[in-house]
Number of protein chains: 2
Amino acid sequence: MDRFVSTFTNKIDAKGRVSVPASFRAVLERDGYAGGIYCYPSLDAPALDAGGERLAGKIDALLNDLAPYSDERDELSVALYGDVQVLTIDGDGRIVLPEGLRKHAGLQDRVAFVGLGDKFQIWEPGRFDERRQAAREKVRDHRKLFRSESDKGPGGTEE
Amino acid sequence: MDRFVSTFTNKIDAKGRVSVPASFRAVLERDGYAGGIYCYPSLDAPALDAGGERLAGKIDALLNDLAPYSDERDELSVALYGDVQVLTIDGDGRIVLPEGLRKHAGLQDRVAFVGLGDKFQIWEPGRFDERRQAAREKVRDHRKLFRSESDKGPGGTEE
DNA sequence: TAACAATCCATTGACGACCATAAAATTCCA
DNA sequence: TGGAATTTTATGGTCGTCAATGGATTGTTA
């Protein structure tokens with residue numbers, strides 16, 4: 001297992017600690033884990049993006065694609081790096097979410113960890129449900145991409 | 001046998017476990033089985049879609065067609081990865097269906113496994129019957145196309 | 001020394017591994 | 001062909017382990 005998959009909802013305790021799902025921790029360790037996870041506010045959602053070294057590498061790559069002194073790159077650099085927090089994982093697999101991050105995602109007492117393949121997001125569970133409903137509507141539009149293979153009639157051949 | 005065929009109805013026990021039909025397990029092992037099955041809510045039915053590595057590969061392929069950091073991809077990722085559960089099969093060939101999935105399909109104490117070729121669906125038996133009735137209505141309209149088929153239904157094992 | 005952060009310890013509840021039984025299908029043999 | 005024996009499959013239960021959670025204790029710094 002080398003991708004973040006599935007959704008897990010955990011509780012924030014009185015001291016602001018949350019357990020990172022065990023399966024996510026396993027992925028992080030394979031992913032050049034260096035004692036902490038990179039976490040920053042999602043650019044287009046009331047959520048947090050998080051991941052390990054691979055995610056950090058992708059951010060670098062994204063910025064390197066932009067012209068070195070462009071306004072666009074400067075703004076994106078600030079937007080990404082400026083808000084990045086390196087959250088250490090304690091001995092029991094928990095992290096502490098700083099106030100700024102909690103506020104951006106509207107986190108109260110429970111958080112949803114949502115696996116997205118090479119990164120994962122942290123959502124307030126209620127908001128995530130709303131977003132998921134909306135996303136499913138859109139996937140419905142792409143249904144045709146699944147159709148061609150799975151709806152073939154009897155007698156179809158496989159590879 | 002490398003495709004999921006037939007319908008089997010099994011029971012959910014007190015711990016939420018269900019036996020995956022033996023013939024389906026055989027297909028999964030041929031399909032690059034890696035310890036679990038991928039399962040998510042069907043987009044257009046009160047049922048669950050499930051399959052092995054081949055199905056997971058299709059999801060990846062769909063996402064890889066989209067621009068890496070687009071909003072569209074993020075949304076689809078949430079809908080697909082976020083809803084996907086990796087269900088491990090225990091030593092006796094059983095899986096546990098999490099609450100969220102059970103709710104979407106309206107599963108109570110019995111489930112119908114419906115083979116669809118390269119994936120299969122999981123239905124609440126009553127709902128599946130309704131759907132099959134509807135399907136028969138349509139088949140009746142097109143009966144001329146199926147002249148040669150004399151007696152049997154969808155080929156299912158029913159009790 | 002008060003306040004806060006990091007580490008350690010304890011409880012509990014869920015899940016996985018394992019075993020036991022029953023029903024059904026298949027094989028084998030008279 | 002009939003029926004007994006064996007294997008496969010479905011289902012039920014038990015027990016141990018680990019993850020999630022809550023609380024305590026130590027350390028650090030203003």
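Put simply, the side chain of B:P46 reaches to within 4.5 Å of the side chain of B:W123, judged on heavy atoms.
Using a 4.0 Å cut-off, some side-chain N or O of B:T88 falls inside it from OP1 or OP2 of C:dG16.
The distance between atom CZ of B:F24 and atom C1' of D:dT8, rounded to the nearest whole Å, is 17 Å. Straight-line distance from the CD atom of B:E99 to the C1' atom of C:dA14: 14 Å, rounded to whole Å. If you measure from atom CD1 of B:I89 to atom P of C:dA17, you get 12 Å, rounded to the nearest angstrom. A straight line from CG of A:L87 to C1' of C:dA5 spans 14 Å, rounded to a whole angstrom. If you measure from atom CG of A:D90 to atom C1' of D:dT25, you get 15 Å, rounded to the nearest angstrom.
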Exercise. Can you give one letter per nucleotide of nucleotides 18-23 of chain D, going 5' to 3': B for a protein heavy atom under 4.0 Å from the base, S for sugar-phosphate only, - for none?
Worked result: -SSBBB
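Electrostatic pairing of A:E130 and A:R127 does not count as a salt bridge here, judged by no charged N lying under 4.0 Å from a carboxylate O. Look at B:D118 and B:R54 and you find no salt bridge, because none of the NZ, NE, NH1 or NH2 atoms lies under 4.0 Å from a carboxylate O. Using a 4.0 Å cut-off between charged side-chain N and carboxylate O, A:R94 and A:D92 make a salt bridge. Ionic pairing of A:K119 and A:D49 is present here: one or more N-O contacts between side-chain nitrogen and carboxylate oxygen are shorter than 4.0 angstrom.
Ring geometry, B:F24 versus B:F8: the interplanar angle exceeds 60°, so the pair is classed perpendicular (tilted spans 30 to 60°).
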